[in-house]
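Throughout, residue positions are numbered sequentially from 1 according to the sequence presented. For ligands, and for the atoms within them, numbers begin at 1 and follow the listed sequence.
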Amino acid sequence: MAQSVADQFVETLAVAGVKRIYGIVGDSLNGLTDSLRRQGKIEWVHVRHEEVAAFAAGAEAHLTGELAVCAGSCGPGNLHLINGLFDCHRSRVPVLAIAAQIPSAEIGAGYFQETHPETLFKECSHYCELISAPNQMPRTLEIAIRQAVGNRGVSVVVIPGDVALQPAADAPAPKAEGLLPRRAVVTPPRDDVDRLAALLNGDGRVTMLCGSGCRDAHDQVLALADRLKAPIVHAFRGKEYIEWDNPFDVGMTGLIGFSSGYYAMLDCDVLLMLGTDFPYRQFYPRGPGVRIAQVDVRPENIGRRVSVDLGVVGDVRATLDALTPLVKEQRARSHLDQATQHYRKARKELDALAAGSTGKHLIHPQPIAKAISDHAAADAIFTCDVGLPVVWAARYLAMNGKRRLIGSFWHGSMANAMAQSIGAQAAFPGRQVISLSGDGGFSMLMGDFLSLVQLGLPVKVVVFNNSALGFIEIEQKSSGFIDFGTSFKNPNFAAMAEASGVRGIRIEDPADVDKGIAAALAHDGPVLVDAVVSRMVLPIPPAITAEMAKGFTLYMVKAVLGGRAEDLIDLARADLWA
Ligand SMILES: Cc1ncc(C[n+]2csc(CCOP(=O)(O)OP(=O)(O)O)c2C)c(N)n1
Ligand SMILES: [Mg+2]
């Protein structure tokens with residue numbers, strides 16, 4: 001049989017090292033999926049919602065650093081990919097999306113299921129093109145792959161079903177060496193390094209703020225912190241790369257951070273930002289004498305969150321290799337000592353909140369998160385849902401250089417965690433994958449819970465079941481709103497899991513937390529833990545606390561005037577500051 005465009009397409013993907021494609025079939029995709037079936041080199045990972053396909057591909061790309069692929073059929077099929085693709089693109093992970101299109105002759109005639117993916121996906125991709133004829137192949141696909149891999153982000157190819165079925169045009173066979181550009185190492189110019197050294201060699205207390213750009217630079221960052229006697233605050237995406245084996249660690253700042261990270265960042269004379277685009281401007285130091293230097297491989301990131309005295313374009317590791325020998329030693333360590341002491345105190349308080357207790361009262365989410373961290377494998381992969389689960393992940397999951405942590409940290413979408421766990425487990429069948437899910441997040445894409453059974457993925461899903469969109473409820477109350485639209489009438493998720501062929505464990509008594517989590521993580525198939533937790537729990541950094549106190553006062557006044565006594569009782573019962 002002569003090679004079709006679809007055959008050429010899947011062969012190019014195989015040359016690019018693609019192992020699997022997440023998606024849902026459809027008539028416009030039949031040419032491609034049939035080529036995949038005949039070729040037999042690439043696995044088709046059949047999910048139930050295309051958004052899950054995109055999140056799963058993003059997780060695979062994040063964990064492996066390599067190209068991952070998702071696909072949807074024409075119109076609604078590929079449109080469902082969009083939220084996951086925004087997440088992949090904003091997290092800068094290399095993902096190719098295949099958007100099948102209606103028959104080419106019908107485009108522009110208002111045909112059944114007609115959309116224009118090349119317009120729709122523009123904002124969430126580096127490259128987004130329609131393949132309208134066989135002679136565009138495989139070049140268009142190759143460009144898409146190079147853009148996704150080289151620029152790290154999403155590429156979308158749109159291909160009408162009939163074009164995929166046409167005979168392939170003659171074209172040179174793709175070669176892996178030319179298809180997969182490797183990352184360049186960016187070393188800043190010597191004068192920039194000298195100027196940065198001069199800034200750091202002045203007097204004053206230095207604090208470092210480290211983000212995901214510190215990947216592969218753990219030891220370099222610590223060596224510099226040692227010379228500077230600088231505490232290290234990390235942004236959430238820096239946690240998996242920088243928090244572990246780190247005597248300079250003082251935790252996180254920001255909305256989900258805590259006091260030691262917050263003060264170390266505000267209370268310094270020089271802030272050195274390394275590979276971070278930490279977005280919350282209110283947490284940057286504002287004092288007139290404070291100087292700020294920023295190192296980032298992407299020039300567009302420099303100075304966009306806070307005005308900087310010096311911006312250096314370069315990879316963190318390469319920059320520090322050049323910089324650290326120029327930084328003077330023998331600095332006073334009082335700033336570091338004070339910050340790390342504060343951190344130890346804050347850590348102790350956080351750990352105390354996670355200490356198990358017994359009795360009839362509701363379980364706090366913290367002991368659940370701590371038990372997950374304590375019992376998880378040394379190389380576990382964690383995913384966490386947007387909402388309160390990110391707070392528990394940030395504070396209680398201990399990293400060690402082998403564990404991984406992924407979330408929707410830039411796009412901030414709900415329902416990411418279980419979807420990402422599917423990609424993580426598919427890519428790493430032998431590793432333990434744990435999803436920290438909210439009840440809102442879990443139920444939003446709950447259809448794909450069934451995929452764990454269908455695909456044989458032994459994911460451990462822990463649902464923080466607080467019967468609420470908890471994070472938003474707290475936000476509403478603390479901004480002076482009467483909470484609205486936040487409650488859930490949930491099923492018994494553990495019973496639901498059992499009915500789906502997944503082991504279900506419901507934890508309702510604080511005394512059962514440790515053994516329930518341990519049993520779940522020891523089970524060798526998929527598990528759902530339905531952890532029934534308290535609804536209003538949020539420890540927050542000091543500035544926010546003051547703001548929230550004002551908001552809560554306003555909320556109480558409104559509740560009294562509105563005759564909503566039950567709202568006040570709710571608040572009085574809350575463990576808000578716990
Ligand atoms: C797709 C989407 N819809 C809405 C939001 C706004 N939002 C952020 S967190 C959240 C609540 C999440 O609730 P849940 O998953 O139950 O976690 P909890 O905070 O209760 O632990 C909402 C509605 C969002 N980030 N993404
Ligand atoms: Mg919830």
Side-chain angles (χ1 to χ4, degrees), residues 49-52 54-55 58 79-91 124 236 254-256 279-280 353-354 362-369 372 382-397 407-421 434-449 461-479 481 483-493 496 506-508 528-540 544 548 570 574-576 578:
H49 190 309
E50 292 86 352
E51 181 174 340
V52 171
F55 271 121
L79 192 57
H80 260 182
L81 294 169
I82 199 160
N83 190 49
L85 289 183
F86 262 93
D87 184 75
C88 297
H89 196 55
R90 300 216 56 202
S91 295
C124 61
F236 201 7
L255 296 172
I256 60 174
Y280 300 105
L353 295 172
L362 276 175
I363 303 168
H364 285 172
Q366 293 96 327
I368 301 279
I372 293 171
F382 302 98
T383 63
C384 59
D385 259 343
V386 165
L388 291 172
V390 291
V391 181
W392 316 132
R395 294 172 184 196
Y396 293 104
L397 296 182
S408 181
F409 298 151
W410 269 113
H411 186 46
S413 173
M414 281 172 71
N416 59 291
M418 190 187 63
Q420 290 173 323
S421 77
I434 306 170
S435 171
L436 278 67
S437 298
D439 50 347
F442 174 70
S443 53
M444 189 175 264
L445 287 176
M446 197 157 66
D448 267 283
F449 183 60
V461 179
V462 180
V463 179
F464 287 78
N465 181 358
N466 55 6
S467 294
L469 296 163
F471 193 82
I472 302 301
E473 182 162 304
I474 291 167
E475 254 180 15
Q476 289 176 343
K477 287 186 173 169
S478 64
S479 314
F481 294 110
D483 49 299
F484 179 79
T486 55
S487 283
F488 285 128
K489 282 202 172 93
N490 281 331
N492 178 326
F493 287 117
M496 195 196 77
R506 188 161 159 105
I507 306 180
E508 290 172 299
L528 181 139
V529 176
D530 183 358
V532 182
V533 296
S534 150
R535 183 164 177 163
M536 287 277 289
V537 191
L538 181 64
I540 29 182
I544 306 286
M548 282 176 90
D570 212 25
D575 301 306
L576 191 67

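- Donor-acceptor pairing under 3.5 Å is lacking for the side chains of Q420 and T383.
- N465 places no side-chain N or O within donor-acceptor distance of the main-chain N or O of D439, the cut-off being under 3.5 Å.
- In this structure, the side chain to side chain donor-acceptor pair (under 3.5 Å) partners of H411, at least two apart in sequence or on a different chain, are N83.
- The aromatic rings of H49 and H80 lie parallel to each other, their planes meeting at an angle below 30°, with 60° marking the opposite boundary.
- The set of protein atoms (N, O or S) found at less than 2.8 Å from the Mg ion (ligand 2) reads D439 OD1, N466 OD1, A468 O, by chain and number.
- For R90 (side chain) and S408 (main-chain N/O), no donor-acceptor pair under 3.5 Å exists by modelled atom type.
- Closer than 4.0 angstrom to ligand 1 sit non-hydrogen atoms from V386, G387, L388, P389, G412, S413, M414, G438, D439, G440, G441, N466, A468, L469, G470, F471, I472.
- Of the candidates I474, T486, L362, T486 is the only one forming a side-chain contact (heavy atoms from CB on, under 4.5 Å) with R535.
- Side-chain atoms of Q476 come within 3.5 Å of backbone N or O of F484 as a donor-acceptor pair.
- In this view, S91 satisfies the side chain to side chain donor-acceptor pair (under 3.5 Å) rule with no residue, not counting sequence neighbours.
- Listed for the D385 side chain is a donor-acceptor partner under 3.5 Å among the backbone atoms of N416.
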